[in-house]
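Below you'll find the structure, written out as structure tokens, and then a few comments.
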Protein chains: 2
Amino acid sequence: MNEAVVLTPERILEATEDVLRRFGLAKATVVDVARALDVSHGSVYRHFPSKASLRDAVAKRWLDRANEPLCKLAAADGPAPERLEKWLRTMFAIKQKKVCDDPEMFATYLALAQEAREVVESYKDKQVDLLAKILSDGVAQGVFEIDDVKATARAVFDSTVRYHHPAHAEEWAKPECPARIEALISLLLRGLQAPCKH
Amino acid sequence: MNEAVVLTPERILEATEDVLRRFGLAKATVVDVARALDVSHGSVYRHFPSKASLRDAVAKRWLDRANEPLCKLAAADGPAPERLEKWLRTMFAIKQKKVCDDPEMFATYLALAQEAREVVESYKDKQVDLLAKILSDGVAQGVFEIDDVKATARAVFDSTVRYHHPAHAEEWAKPECPARIEALISLLLRGLQAPCKH
DNA sequence: TCGATGACAGATATTGAAATCTGTCAGCGC
DNA sequence: GCGCTGACAGATTTCAATATCTGTCATCGA
């Protein structure tokens, strides 16, 4: 048996991502995916129980890939405020880049986010965990003063929704956007900062 | 001539709001509005140049009505932090109430918000002005320390998007929501507070 | 044995013809 | 004159027939 022609979940995901990019979420069908792989669509169902699960798996891959730089930033060393700022700006930049470069995948992600699918929920939870990591580093460094790190991380995530939730994507290109991000970040950093340092 | 049967913009708006509530944004037609008023649809076009302008006018009325309590709060006296908190909670409550009581009108508002129509933009600007009023009161009282009041008001508005933008309405009913609002508000208040009071 | 197939039922999407709607305007009646 | 009407053109929506898709499974071939 030739390794290359074995039908693996991995190959199916690859093909599905292609098909989604090519036809868009609304038009892409399991039959299209099967056609792209030159197999019957029944074979696809041997590896994924439903179209939804297939779509979710593709989205998960896509999100995990997008998330990588953020994991690195959260794990890095250095002063927490700078890292937090960098982390937020990176998240916004990733989203903005995605919406430009990969609009069909982004539309898929938007659809998933609006359905509040489990994939997206767990992805968000992961993001909040990364934020919490930076915040608790800040507390350890004595630069942040925070009662409930987890809840505050969630608050930071929520407060920046406008710049990372796909429902607001059309706003990101507007000229006043950078200034508004500026104001938001500085407000948040002030709120986290330990008061009365001197 | 009987006053009651004169076709005024006011009467048309009333009827349109009824029709929207009854049939929903997707189904409501100008013909329906005319039928409700027992006039020809041509007459409606005598007072409003297009269906879009009629819809916008209805939305404006609806938004203005919803906005009234917030104007009062912004104009009131008292310590700015408490007023800000009350203002935000009132805004969230109004939105939440609307989405329950008047779902069809809310759907109309959602559609408008997503199209980024001028009505909604100016309504948002009004809200930011109200916030700015409270913030500048706070600065005058010495409880807030803010560089750029206008930009900070915008940041406060943006940071709470999740709890007032209709795109996030499905989230508002979730049980963890109040706690998350709590965390967000306290983070924001800390960020506005003048540091080192003592 | 084991993955793949292709025919199938029920659900969903597409299509094109018919109905309805939007926006205009010449003309009617007060 | 003035406000309203109703007929109209072009755009949009509806509806039902048709085609396609999803998910299942008995069967096939290696």
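To find a chain, count down the sequence lines: A is the first, B the second, and so on, and within it residues start at 1.
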Carboxylate-amine/guanidinium proximity below 4.0 Å for B:D125 and B:R154 =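 Looking at B:R154 together with B:D125, the answer is yes, because their closest N to O distance falls below 4.0 Å.
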message = Closer than 4.0 angstrom, basic N to acidic O: yes or no for B:R55 and B:E115?
response =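 Yes, charged N to carboxylate O under 4.0 Å.
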Just the rounded figure in Å: distance from [atom2] of [N] to [atom1] of [X].
X: B:R11; N: D:dC4; atom1: CZ; atom2: P; answer: 10 Å
X: A:D38; N: C:dA4; atom1: CG; atom2: P; answer: 13 Å
X: A:Y45; N: C:dG10; atom1: OH; atom2: C1'; answer: 13 Å
X: B:R35; N: D:dT5; atom1: CZ; atom2: P; answer: 14 Å
X: B:H47; N: D:dT5; atom1: NE2; atom2: C1'; answer: 13 Å

task = Mind checking the CZ-OG1 spacing from A:R35 to A:T29? Nearest 0.5 Å is all I need.
result =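 A:R35 atom CZ to A:T29 atom OG1 measures 6.0 Å (nearest 0.5 Å).
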message = Heavy atoms within less than 4.0 Å of DNA chain D: which residues of residues 48-57 of chain A have one? Give them sorted by number.
response =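 Of all residues in residues 48-57 of chain A, the ones placing a heavy atom under 4.0 Å from DNA chain D are A:S50, A:K51.
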message = What residues from residues 103-111 of chain B pass a heavy-atom cutoff of under 4.0 Å to DNA chain C?
response =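 Heavy-atom cutoff 4.0 Å gives no residues at all.
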task = Assign the ring pair B:Y123 / B:Y109 to parallel, tilted or perpendicular, where the plane angle (0 to 90°) is split at 30° and 60°.
result =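 Correct class here is perpendicular.
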request  = May I ask you to say what B:V30 touches in the nucleic acid, namely base, sugar-phosphate or nothing, with a heavy-atom cut-off under 4.0 Å?
outcome  =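 Sugar-phosphate: the residue B:V30, judged by heavy atoms under 4.0 Å, touches backbone atoms but no base.
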ask   = Which part of the nucleic acid does B:T29 contact within heavy-atom distance under 4.0 Å: base, sugar-phosphate only, or nothing?
value =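 The residue B:T29 makes sugar-phosphate contact but no base contact.
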request  = Taking the six-membered ring for Trp and the full ring for Phe, Tyr or His, determine whether the centres of B:H168 and A:H168 are under 6.0 Å apart.
outcome  =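 Centroid distance B:H168-A:H168: below 6.0 Å, so yes.
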message = Can you confirm whether or not the ring centre of A:Y163 sits under 6.0 Å from the ring centre of A:W172?
response =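 No - the distance between ring centres of A:Y163 and A:W172 does not fall below the 6.0 Å cut-off.
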message = Both A:V31 and A:R46 contact DNA chain D. Taking the nearest nucleotide for each, which residue is further toward the 5' end?
response =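 Between the two, 5'-proximity favours A:V31.
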query = According to a strict under-4.0 Å criterion, is A:S40 in side-chain N/O contact with OP1 or OP2 of C:dG6?
reply =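 Negative; the distance criterion is not met.
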query = Within less than 4.0 Å of OP1 or OP2 of C:dT14, is there a side-chain N or O belonging to A:K27?
reply =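 It does, given that an N or O in the side chain of A:K27 lies less than 4.0 Å from OP1 or OP2 of C:dT14.
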task = Name the closest nucleotide to the A:H41 side chain, picking from C:dA7, D:dC4, D:dA7.
result =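 Of all the options, the side chain of A:H41 is nearest to C:dA7.
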task = Could I get the full list of ring pair (Phe, Tyr, Trp, His ring centres under 6.0 Å) partners for A:H164, not counting sequence neighbours?
result =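 Partners of A:H164 by the ring pair (Phe, Tyr, Trp, His ring centres under 6.0 Å) criterion, ordered by chain and then number, come out as A:F157.
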request  = Before giving the answer on side chain to side chain contact (heavy atoms under 4.5 Å, CB included), spell out for B:L130 and B:L73 the whole-Å C-alpha distance, their side-chain angles and the decisive distance to 0.1 Å.
outcome  = CA-CA 9 Å; B:L130 295 179; B:L73 277 175; over 6 Å; no
request  = Check whether B:V161 and A:V156 end up in the same hydrophobic cluster, where Ile, Leu, Val, Met, Phe, Trp and Tyr are linked by side-chain heavy atoms less than 4.5 Å apart.
outcome  =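 No, it is not one cluster - the side chains of B:V161 and A:V156 are not joined through contacts under 4.5 Å.
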